[in-house]
Amino acid sequence: MSHGPVPMERTALLICDLQNDFLHPDGAYGRAGQAAPEIAAVPATVRPLAELIRAQGGFIVSTHFTLVPGKGGEPLISPHLRELRPFLTRGDFLPGAWGHALVDELQPADLSVEKVAYSAFYMTRLEWVLRKAGIERLIVSGIVTNGGVASTVRDAHVRDFSVTVLSDGCAAFSPSVHRTAIEALKPVCRVAEVAEILAELSA
């Protein structure tokens with residue numbers, strides 16, 4: 001919910017998992033034919049807001065889904081994910097690799113955090129980084145709305161961050177799933193479109 005006005009220097013655009021391995025045709029999902037036009041459109045939709053927040057002294061924070069390499073370099077993949085995405089293999093979502101990086105269109109991020117599950121707060125340093133940076137307000141974008149975005153937004157809410165989720169700055173593999181997820185987030189955060197936030201920040 002809104003906590004009242006928060007200055008820009010305590011505001012962050014939180015970009016969830018807009019990584020090459022998810023979005024680029026040469027990334028892990030692209031090579032497997034796992035794509036959706038709504039997901040592909042997210043970086044261009046969010047970019048004007050990212051540029052404005054940078055210009056006004058706010059933060060760009062990116063989360064990066066990560067497959068941690070285990071023995072012999074084989075990725076540690078949870079059973080549910082292996083069943084859901086059997087195409088994932090060695091080198092995908094590898095820390096430091098091209099596929100793991102934020103898409104070029106939204107680079108650079110001021111702060112980046114690796115994550116291993118839906119929520120970017122689960123077993124990561126995200127909360128520590130946000131507190132150290134003095135960030136109180138999160139404007140959330142990214143993918144997928146019903147997975148990483150929803151889980152991260154709920155975890156931010158219970159940690160008393162002021163949260164706004166961008167309804168057109170997020171996407172899922174199905175438009176109906178996206179709409180359902182956005183509707184379900186309304187009790188825990190503000191929902192707004194990118195143009196609405198741009199207008200408020202430009203006023």
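Only heavy atoms go into these numbers, but all of them, side chains included; no hydrogens, no water, no symmetry mates. We're numbering straight along the sequence, starting at 1. These numbers come from a predicted model, not from an experiment.
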Q. How many angstroms lie between OG in S162 and CZ in R190, if you round to the nearest 0.5 Å?
A. 9.0 Å
**Q.** Main-chain N/O of S119 paired to T152 side chain as donor or acceptor, under 3.5 Å
**A.** no
Q) Which heavy atom of S202 sits nearest a heavy atom of L52, and at what distance? A) OG-CD2, 3.6 Å
Q: Determine the minimum heavy-atom distance between A171 and E38, stating which atoms define it.
A: CB-O, 3.5 Å
Q: Find out whether V144 and V177 are in side-chain contact, i.e. whether some heavy atom of one side chain is under 4.5 Å from a heavy atom of the other.
A: no
Q) Tell me, which pairs form a salt bridge (charged side-chain N to carboxylate O under 4.0 Å, His left out) where one or both residues lie in residues 113-129, sequence neighbours left out? A) D17-K115, E127-R131, E127-R159
**Q.** Salt-bridge contact K186-E183 (side-chain N to carboxylate O under 4.0 Å)
**A.** yes
Q: Would you please name every residue forming a ring-ring contact (aromatic ring centres under 6.0 Å, His included) with F87, sequence neighbours left out?
A: Y29
Q.
side-chain contact (heavy atoms from CB on, under 4.5 Å), that's the test. Do N20 and V103 meet it? Break it down for me.
A. CA-CA 5 Å; N20 290 319; V103 294; 3.8 Å; yes
Q. Excluding sequence neighbours, so at least two apart, what forms side chain to side chain donor-acceptor pair (under 3.5 Å) with E51?
A. R47
Q) With a 4.5 Å heavy-atom cut-off, do V153 and L14 have their side chains touching? A) no
**Q.** Min side-chain heavy-atom separation D155-Y118 under 4.5 Å
**A.** no
Q: Determine whether the side chains of T66 and H64 contain a donor N or O and an acceptor N or O closer than 3.5 Å.
A: no
(Q) Are V140 and T164 packed together at the side-chain level, in the sense that at least one heavy-atom pair is separated by less than 4.5 angstrom? (A) no
Q. With the 4.5 Å side-chain cut-off for hydrophobic clustering, are L49 and L18 part of the same group?
A. yes
Q: Compare every heavy atom of T11 with every heavy atom of I135, then report the nearest pair and how far apart it is.
A: CG2-C, 4.4 Å
Q.
Would you say that P48 contacts L198 through its side chain, given a criterion of any heavy-atom pair below 4.5 Å between the two side chains?
A. yes
Q) Tell me, do L23 and I143 make a side-chain contact under 4.5 Å, heavy atoms counted? A) yes
Q | Heavy-atom side-chain contact between V163 and V188 under 4.5 Å | A | no
(Q) Distance to the ring centre below 6.0 angstrom and angle to the axis at most 45 degrees; does that hold for R85 and F65? (A) no
Q: State which residues pass side-chain contact (heavy atoms from CB on, under 4.5 Å) with P7; sequence neighbours excluded, sorted by chain then number.
A: E9, R10
Q) Below 4.5 Å, heavy atoms only, C-beta onward: do S112 and L102 meet side chain to side chain? A) no
Q. Which atom names give the shortest non-hydrogen contact between C170 and S141, and what distance separates them?
A. SG-CA, 3.7 Å
Q.
If you compare all heavy atoms of P75 against all heavy atoms of R90, which two are closest, and at what distance to 0.1 Å?
A. CD-CA, 3.8 Å
(Q) So, using ring-ring contact (aromatic ring centres under 6.0 Å, His included) as the criterion, who are the partners of F59 when residues are at least two apart? (A) none
Q | Set of side-chain contact (heavy atoms from CB on, under 4.5 Å) partners for A28, sequence neighbours left out | A | D21, R31, L88, D92, F93
(Q) Once rounded to the nearest 0.5 Å, what's the spacing between atom CZ of F161 and atom CD of E136? (A) 9.0 Å
